[in-house]
Protein chains: 2
Amino acid sequence: MTAALRTVSLEDVAKEAGVSIMTVSRAFRRPEALSEDTLSRVLQAADALGYVPNQIASGLRSRRSQTIACVIPTISSSVYANVVQGLSDAITADGYSLVLGTSNYGVDEERRVMTSLLGYRPEAVVLAGGDHRPELTRLVTRLKAPLVEIWELVPKPLDMNVGFSNHAAGAAIVEHLIRMGSRRIALMTIRAEHARARARRIAYEAAAARLGHEPIVVTSELSIEGGRRGMAMLRARHPDVDGVFCVSDSIALGAMLKANEIGWSVPDEIAIAGFGDFDIARHIPPGLTTVRVPEARVGQVAGEMIMSRLLRRPEGPYTVDVGFEVVARGSTNRNPMKRVRR
Amino acid sequence: MTAALRTVSLEDVAKEAGVSIMTVSRAFRRPEALSEDTLSRVLQAADALGYVPNQIASGLRSRRSQTIACVIPTISSSVYANVVQGLSDAITADGYSLVLGTSNYGVDEERRVMTSLLGYRPEAVVLAGGDHRPELTRLVTRLKAPLVEIWELVPKPLDMNVGFSNHAAGAAIVEHLIRMGSRRIALMTIRAEHARARARRIAYEAAAARLGHEPIVVTSELSIEGGRRGMAMLRARHPDVDGVFCVSDSIALGAMLKANEIGWSVPDEIAIAGFGDFDIARHIPPGLTTVRVPEARVGQVAGEMIMSRLLRRPEGPYTVDVGFEVVARGSTNRNPMKRVRR
DNA sequence: ATCTTCGCTGTTATCGTTAACAGAGACGGC
DNA sequence: GCCGTCTCTGTTAACGATAACAGCGAAGAT
């Protein structure tokens, strides 16, 4: 067991500078309250000793941990990685730090991890989505701290909410498929559907009903390989479809590659749409039509709303819809007159 | 300014259970030291009140923050996202949490951010790479806390080091190109070269010398679009090359797509190799030859080494080479006899 | 000349927890 | 019956910072 070593404290700096510890404390927190002479002497002493203010002691006494707790499903997904990046950038300027946990898409794990993070007495809490264990809901609402649910717009936010409507996005992309000429559209989704995928499915089902056909749903895994398999299944079971909405770009990419292999012509025989606008989507011929969500902006707005509540005006918007954009590319471009968007 | 509210403390639980606060503290930290009866009474009271141990107070008194500070260049890169995921997974089991910061590839920003994180008195520190500001080096070494430099193997680690050799990986992939028949090989790299890309370039230059030609270097941006541009430049300036090593899969993908567009046949006229083994690399026809690094494992091993030093046996290995793997696929498969690896 | 105000610095108590030690019974050995 | 040992619980004093207030000159007001 490594011995826990003492680091430089206010007292050490105070001795070095020949002042009281309170004066040193003020040198960092309210420098304008000190005389120029004292201030420079203190800062010089602090610098010489390599003093770094102890946030733990400060947090205990002042009840301000300068910390924000965030639990997301996973970091290994560019979606959440970008959200976290935006969040982190938005709060560091004000001296706040991010304490991060991952739930691996499980509500029990989310509760466990966030409960443990609450031990650090974060001044604000960020959770993904709107589906949480009631025990966790009780715990975080009782904190009376700013709380943001991110990524999807939820029906009844606990406090603040930043994201976009998966239902609207699903409806928009299926609408796009229809407008481009598809009349029999399938949905390719994932086995264990979470709230996000479910909302997209519901929008799809409504559209299928309007087209006058039963929903055609293929389930697979969330990967390129999953998309390939899904496409093979679709070809075998429903060769009559002329459009497919994949709930993720990974799946759509796999579907597109598989279609190419088996000679199912995209977009002439089958149009393909994805979700996420991954980097590759615009580059893979003939270009993948998809939905783009401003990921980093979700985190950034969440961070700004939190900091606004913590430091500035007490009130602001509680729900922000960051929107989405249907990016039309070649994979749905049935009309040879229209140019492919790059 | 939000009022900082009091949360449930040991004292509240102690009153509720009719014991001293020390007994409550022990119920969480050394439950075996209490009688069964007392323990259950305390736990029940804690549960009823929704008590979450205050890590800040605990950390202050015990000098153990249960926190590990980590600064990486960016989270918006699957590489670091995976490393962080592995690290996070490895430490949460022991009750530790990750405090995360990003440097955006700048050593000054790295120093600034890590210094701020040191305020939380982390029990261990994780930094990316081996290039740090001397002020930061002084600060973190003086902590006497476990310190891990991750991702690349560095010549003189400050303490522990987990990663792989970019030089060896670069040499291996160029060697593979040569073995597959390339005789005039170009390097496609990025403008602002960091230590990683530089090590790969040096390996490349040695190989070019062995082949008996001057280094042929094209610089571009780290993106698919950058790869496309790079490939166009290469075609214009060096149409005689028959192989290209791209320092990233993004670039290699762009290069491959561009080659396809301009009718430069891959792999027959030009072999292409990338770096990173992104998901798409195996799926894009004819399959992209690349280097696979066990990203999550880097984080996991770093986490295990730290926990080992903090909680268990005092000593273990100081440097771990997680290695890499050249994944041979169609983009370098000049020999029609050999099957493409999927 | 005295009072008030202001700018600057110091003193005291406290945040919630744990390290260290102290004490009260129970229990068994001799 | 005395003493040591063991099990369980409680008391006291920190950890390093800050909130709140106190003090003390100097300058300005009356």
Side-chain angles (χ1 to χ4, degrees), chain A residues 1 3-43 45-46 49-67 95 118-123, chain B residues 1 3-43 45-46 49-67 95 118-123:
Chain A
M1 193 94 98
L5 284 170
R6 230 183 70 90
T7 53
V8 180
S9 73
L10 279 186
E11 196 182 350
D12 302 322
V13 180
K15 268 191 195 126
E16 175 82 8
V19 294
S20 74
I21 59 173
M22 202 57 221
T23 299
V24 182
S25 172
R26 278 195 267 257
F28 288 95
R29 302 177 24 76
R30 302 182 50 234
E32 74 282 2
L34 299 187
S35 75
E36 226 173 276
D37 181 55
T38 316
L39 179 61
S40 75
R41 216 168 61 245
V42 170
L43 291 183
L49 296 176
Y51 172 70
V52 177
N54 187 327
Q55 293 274 9
I56 296 189
S58 167
L60 177 60
R61 176 63 240 238
S62 69
R63 295 169 185 282
R64 320 266 248 78
S65 61
Q66 304 243 86
T67 272
L118 289 182
Y120 297 99
R121 297 297 185 264
E123 294 183 50
Chain B
M1 194 94 98
L5 284 170
R6 229 184 70 90
T7 55
V8 180
S9 73
L10 280 186
E11 195 180 352
D12 302 321
V13 180
K15 269 193 192 122
E16 175 82 9
V19 295
S20 74
I21 59 174
M22 203 56 221
T23 300
V24 182
S25 172
R26 279 195 267 257
F28 288 95
R29 302 177 25 76
R30 301 182 51 235
E32 73 282 2
L34 299 188
S35 75
E36 226 173 276
D37 181 54
T38 315
L39 179 60
S40 74
R41 217 168 62 245
V42 170
L43 291 182
L49 296 177
Y51 172 70
V52 178
N54 188 328
Q55 294 273 9
I56 295 189
S58 167
L60 176 60
R61 175 64 241 237
S62 69
R63 295 168 185 283
R64 320 265 248 81
S65 61
Q66 305 242 88
T67 272
L118 289 181
Y120 297 100
R121 297 297 186 262
E123 295 183 48

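Chain naming here is simple, since letters A, B, ... match the order of the sequence lines and numbering starts at 1 in each.
A donor and an acceptor atom never sit less than 3.5 Å apart when one is taken from the side chain of B:Arg61 and the other from the base of C:dT17.
Counting all heavy atoms, side chain and backbone alike, A:Asp12 lies closest to A:Thr7 at OD2-O, 3.9 Å. The minimum heavy-atom distance linking A:Val42 with A:Val13 is given by the pair O-CG1, 4.0 Å. A:Ala27 approaches A:Pro31 most closely through the heavy-atom pair O-CB, 3.6 Å. The two residues B:Tyr51 and B:Val8 come nearest to each other via the heavy atoms CD1-O, 3.4 Å.
Across all strands shown, A:Phe28 has no heavy atoms under 4.0 Å from either base or sugar-phosphate atoms.
For C:dT17, neither phosphate oxygen OP1 nor OP2 lies less than 4.0 angstrom from any side-chain nitrogen or oxygen of B:Arg64. When the side-chain nitrogen and oxygen atoms of A:Ser20 are compared with OP1 and OP2 of C:dG10, one or more of them lie within a distance under 4.0 Å. Of the side-chain N and O atoms in A:Ser25, none sit less than 4.0 angstrom from OP1 or OP2 of D:dA17.
Of the candidate nucleotides C:dC15, D:dA17, C:dG10, C:dG10 has the atom nearest to the side chain of A:Val19. Closest to the A:Thr23 side chain, of the nucleotides D:dA17, C:dG10, C:dT18, is C:dG10. The nucleotide whose nearest atom lies closest to any side-chain atom of B:Ser62 is, among D:dA17, C:dA19, C:dC15, C:dA19. Of the listed nucleotides (C:dC15, D:dG16, D:dG10), C:dC15 has the atom at the smallest distance from the side chain of A:Arg63.
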Which string of ( ) [ ] | and . matches DNA chain C, if you list each base 5' to 3' and count Watson-Crick or G-U pairs only when both distances are under 3.5 Å?
||||||||||||||||||||||||||||||
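When the C1' atom of D:dA22 is taken as reference, atom CZ of A:Arg26 falls 11 Å away, rounded to whole Å. Summarising the geometry, the separation between CG on B:Asn54 and P on C:dC15 is reported as 12 Å, rounded to the nearest angstrom. Rounding to whole angstrom units, CD1 of residue B:Ile56 and P of C:dG16 are separated by 11 Å. Between the OH atom of A:Tyr120 and the C1' atom of C:dG16 there is a distance of 15 Å, given to the nearest Å.
Along DNA chain D, the nucleotide nearest B:Met22 and the nucleotide nearest A:Pro53 are compared for position; the residue whose nucleotide lies closer to the 5' end is B:Met22.
Within residues 29-38 of chain B, the residues approached by DNA chain C to less than 4.0 Å at the level of any non-hydrogen atom are B:Arg29, in residue-number order.
Listed by first and then second residue, the salt bridge (Lys or Arg N to Asp or Glu O under 4.0 Å) pairs involving residues 50-62 of chain A amount to none (not counting sequence neighbours).
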